[in-house]
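Owing to the predicted nature of the structure, the values given are computational and were not obtained by experimental measurement.
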Amino acid sequence: MSDPAYVLDSTAFYAGIPYQGNGRYYTTYLVLEEVKHHSVGSSLIHTRVQVTEPSQESLGQVKATAAKTGDIRALSQTDLSLLALGLDLKKSEGGVSLVSDDFAIRNVAEVLSIPLAPTSLKGGEWKNTTWKMYCRGCGKTYTNPKLTTCPICGTQLVRKASNS
Ligand SMILES: [Zn+2]
């Protein structure tokens, strides 16, 4: 059995990378650009995180999937590179988890069957995130994950990580 592999987005760097354990951490050059000025950045990145460029093939597959789900407008080049790297590592490493709390990233990752890990750190480990359904129309949140449209205003609900 190999160590668990994680693909990190910028929010994962801000939340903090677990410094214990045997996890292998990957990110892309575009993510590195975003986080390199952050205090958490440099030393940890060089010792624990492998920076890799995703394949063009995976990038194309991610873009096509995001276009289908309608998430493409919410995804930056950085987000797309991260998803593509997740797809590459899923093929080459077998097991990989994408660490992001961005809703559009998580949505596309689910369609591509890339396993997801939450970003909130607790005791050196990422803890599980509780999901809530959030209405962009009226701002109400619901705890029932099966609700898809807002009973108050009819807007389609989005899934959101809950910090409580
Ligand atoms: Zn609503």
TODO: Indicate if Leu112 and Ile72 have the same hydrophobic cluster label, given that clusters are the connected sets of ILVMFWY residues with side-chain heavy-atom separations under 4.5 angstrom.
DONE: no
TODO: Using the test side chain to side chain contact (heavy atoms under 4.5 Å, CB included), find all partners of Ala84 that sit at least two apart in sequence or belong to another chain.
DONE: Pro54, Ser58, Leu59, Val62
TODO: Quick one: do Ser113 and Lys90 satisfy side chain to side chain contact (heavy atoms under 4.5 Å, CB included)? Show the steps, please.
DONE: CA-CA 9 Å; Ser113 303; Lys90 197 184 93 164; 3.7 Å; yes
Open item on the list: Given 3.5 Å as the limit, does a donor-acceptor pair link the side chain of Asp79 with the main chain of Ser76, or not?
Closed with: yes
Task: Pairing residues for Gln156 by the side chain to side chain contact (heavy atoms under 4.5 Å, CB included) criterion, not counting sequence neighbours - done: none
Task: Side-chain donor/acceptor of Thr27 to backbone N/O of Leu8, under 3.5 Å - done: yes
Open item on the list: Checking Glu33 now: which residues fulfil side chain to side chain donor-acceptor pair (under 3.5 Å) with it, not counting sequence neighbours?
Closed with: Lys36
Task: Smallest separation among heavy atoms of Ile105 and Leu83, with atom names - done: O-CD2, 3.6 Å
Task: Crowding at NZ, Lys91 (>12 non-hydrogen neighbours, <6.0 Å) - done: yes
- [ ] Check Ser10 against Val31 and note the closest heavy-atom contact, atom names and distance.
- [x] N-CG1, 3.7 Å
Task: All side chain to side chain contact (heavy atoms under 4.5 Å, CB included) counterparts of Ser97, not counting sequence neighbours - done: Tyr6, Pro115, Ala117
Task: Check: Ser55 main-chain N/O paired with Asp88 side-chain donor or acceptor under 3.5 Å - done: yes
TODO: Answer with yes or no whether the hydrophobic clustering places Leu157 together with Ile152; edges join I, L, V, M, F, W, Y residues whose side-chain heavy atoms lie under 4.5 Å apart.
DONE: yes
Open item on the list: When you group the ILVMFWY residues by side-chain heavy-atom contacts below 4.5 Å and let the links chain together, are Leu30 and Val7 in the same group?
Closed with: no
TODO: With sequence neighbours excluded, give me every side-chain hydrogen bond (donor to acceptor under 3.5 Å, both in side chains) pair touching residues 61-70.
DONE: Thr69-Asp71
Task: Those residues that, when tested against Glu110, pass side chain to side chain donor-acceptor pair (under 3.5 Å) (two or more places apart) - done: Arg159
TODO: Kindly give the heavy-atom pair with the smallest separation between Thr28 and Ser81, and that separation in Å.
DONE: OG1-OG, 2.9 Å
Task: Non-hydrogen atoms of Cys150 and Tyr142 that approach each other most closely - done: SG-OH, 3.2 Å
